[in-house]
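Worksheet: one structure, shown below.
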Amino acid sequence: MRAFNFSAGPAMLPTAVLEQAQSELLDWQGSGMSVMEVSHRSKAFVACADQTEALLREVLGVPDNYRVLFLQGGASAQFDAIPMNLTAPGDRVAFLHTGQWSAKAIKGAKRQGLDVEVLADEAASGYTTVPAADSYRVDPGVAYLHYTPNETIGGVEFDYVPETGDVPLVADFSSTILSRPVDVSRYGLIYAGAQKNMGPSGLCVVLVRDDLLGRARPTTPSVLQYADMAASDSMLNTPPTFSLYLLGLILQWVKETGGLTAMAERNQAKASALYAAIDGSGFYSNPVAVNARSWMNVPFLVPDAALEKPFVAEAAAAGLTSLAGHRSVGGMRASIYNAMPIEGVRALIDFMAAFEQSNG
Ligand SMILES: *Cc1c(COP(=O)(O)O)cnc(C)c1O
């Protein structure tokens, strides 16, 4: 029996995708081997990687003047790689600080010797809000503005795209990419670790506008150097072949199930149902400002912290797994990424009502 897995990442994958991977595991495309065992330089695998990129461009609507890079080191490697590729030490950069992932990105920028201006810091709300669009101004002299569209731990999501004029906008899309349509042309650079909405961990997708290539510091490791990786089709070294293959299957699944518009409708319906259940209960609560509530990660509390452990344990016994909140914040968190079916959300809502009945 497949669990409804509410993990924040690595996260649930579509059953249809796993079944296809399973059916091809011992003999991929008549090769007599799994895709993990073929050379990344072989015709068949190069075609598979090309197809993955073409599908990503199609599904996400990536304009021609953007390179698609498949890198390793997760999203976390980009906290340093972005400064190394786009700036010189001492350059000024701007950040919006909305939670733990933006904090890590800020740390990386400082580590790389940048002069970091935090234009907004949501500490006063306990990181349950996003800054209002008109509450900060981006100095045209900064190298870029970095923000985190969806803070995975806090369940806080921007309901707008920051306006930066000619300053490149850089965004960590790890926990929201492919969840809805996005206007890529608004961004200088988008990066995302794969293990939330794009497949297995070990792969980080970077979309970077052409004019931002070629500025890398000479000390940048070659496998993180955007221009070198672009020139080699992300195959300067051995890429994470299985993750690339699986991303291709996921993109095909997104396309066949109606693309990002249909995905957005399903995701919004799932999130609305769960927030309505929380708000309507008087037992559960969500601390996030209503305009900043994430469609992907829904944290919630029970009135007594002593009920958290039994909630998580009883839910797991009912096939609803990984509902404990992040170790740093406690409480509960339901991550409801693309692959979580509405049936899983309904099952969670029913379980929550039953748990409230016996503990309320
Ligand atoms: C998961 C996550 C990361 C970290 O990804 P890794 O692949 O583990 O490095 C970074 N940013 C956000 C917003 C995330 O959700």
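The structure displayed is predicted, hence computed values, not measured ones. Whatever order the structure lists them in is the order used to number ligands and atoms, beginning at 1. In this chain, numbering begins with 1 at the start of the sequence shown.
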[X] and [Y] aromatic centres sub-6.0 Å:
| X | Y | answer |
| --- | --- | --- |
| Tyr66 | Tyr187 | no |
| Phe45 | Tyr245 | no |
| His146 | Phe95 | yes |

Hey, what polar pairs (N/O, under 3.5 Å) does ligand 1 make with protein?
residue	atom	partner	partner atom	Å
ligand 1	7 (O)	Ala75	N	3.3
ligand 1	7 (O)	Gln195	NE2	2.9
ligand 1	8 (O)	Gln195	NE2	3.4
ligand 1	9 (O)	Ala75	N	3.2
ligand 1	9 (O)	Ser76	N	2.9
ligand 1	9 (O)	Ser76	OG	2.6
ligand 1	11 (N)	Asp172	OD2	2.6
ligand 1	15 (O)	Thr152	OG1	2.4
ligand 1	15 (O)	Lys196	NZ	2.7

Residues at least two apart in sequence or cross-chain that pass side chain to side chain contact (heavy atoms under 4.5 Å, CB included) with Glu356, listed by chain then number, are Ser281, Phe283, Tyr284
Using side chain to side chain contact (heavy atoms under 4.5 Å, CB included) as the criterion, list what pairs up with Arg2, not counting sequence neighbours.
->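 Side chain to side chain contact (heavy atoms under 4.5 Å, CB included) list for Arg2, sorted by chain: Met12, Thr15, Leu18.
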Sequence neighbours excluded, the answer for ring pair (Phe, Tyr, Trp, His ring centres under 6.0 Å) partners of Phe158 is Tyr147, Tyr160
